[in-house]
Amino acid sequence: MGGVPETHTGWTFLTNHARVLAAIAEDANIRIRDMAVRCRLTERAVQKIISDLEQEGYLSHTRQGRSNTYSIDPGAFLRHPAEAGLTVTDLLGVLARHDAQRGDQPQQLHTAPPQARRAASDR
C-alpha cells in the first residue's frame with residue numbers, strides 16, 4: 001500500500017478513533033506513519049485523532065528520543081450514551097478476540113499503570 005489511503009464511501013462499523021486506539025493497543029511505540037497505513041488514514045488525520053484522544057483523557061504519551069510511547073487509560077468510559085458503563089478495555093477486548101479468531105496474533109494491551117488510572121479518575 002502506498003502513502004495515499006484507499007478511498008472509502010459509505011459508513012463503517014468502527015470509527016477512525018477506534019481504529020487508531022486499537023493500533024496503539026497492539027503497539028505502544030507505533031509510529032504515526034505506521035498507524036496511518038494500518039488504519040488507511042492520512043498522517044495528519046492520525047495526528048488529529050491522537051490529539052482528540054489525549055484531550056479527552058483516553059490516551060497519553062511520553063517522548064523517548066524521537067519517538068513516542070503511548071499509554072491508554074483502560075478504565076475510561078466510552079462516550080456514547082448507548083455504551084454507558086463500557087470501558088476502553090471492554091472495546092479493545094472485543095477487538096482482540098476478533099483478531100484471535102481471525103488468526104492474528106493479538107498483542108498485550110498497552111494501558112496506563114494503575115497509579116496513572118487513579119490520577120486520571122480523580123480529575
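Only heavy atoms go into these numbers, but all of them, side chains included; no hydrogens, no water, no symmetry mates.
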Of Arg33, Arg38, Arg31, the one forming a salt bridge (charged side-chain N to carboxylate O under 4.0 Å, His left out) with Glu43 is Arg33
**Prompt:** Do side-chain atoms of Tyr58 reach the backbone of Phe77 as a donor and acceptor pair under 3.5 angstrom?
**Reply:** yes
The reported gap from CD in Gln55 to NZ in Lys48 (rounded to nearest 0.5 angstrom) is 7.0 Å
Rounded to the nearest 0.5 Å, the CD1 atom of Ile24 sits from the NE2 atom of His61 at a distance of 10.5 Å
When every non-hydrogen atom of Ala45 is compared with those of Leu41, the smallest separation belongs to CB-CB, 4.3 Å
To the nearest 0.5 Å, atom OH of Tyr70 lies from atom CG of Leu21 at 12.0 Å
Between the NE2 atom in His17 and the CZ atom in Arg79, the distance rounded to the nearest 0.5 Å is 7.5 Å
d(Glu26 CD, Met35 CE) to nearest 0.5 Å is 12.0 Å
Here the pair of heavy atoms bringing Leu14 nearest to Arg19 is O-NH1, 2.8 Å
Separation between CD1 (Ile72) and OG1 (Thr87), nearest 0.5 Å, reads 11.5 Å
What one should report as the nearest heavy-atom pair of Asp90 and Gly85 is OD2-O, 4.2 Å
Per side chain to side chain contact (heavy atoms under 4.5 Å, CB included), Leu59 is matched among Asp52, Val20, Ile50 by Ile50
Arg44 CZ: over 12 foreign heavy atoms closer than 6.0 Å
no
Answer whether the closest heavy-atom distance between the side chains of Val88 and Asp73 falls below 4.5 Å.
no
Taking every heavy atom of Leu92 against every heavy atom of Ala25, the minimum-distance pair comes out as CD1-CB, 3.8 Å
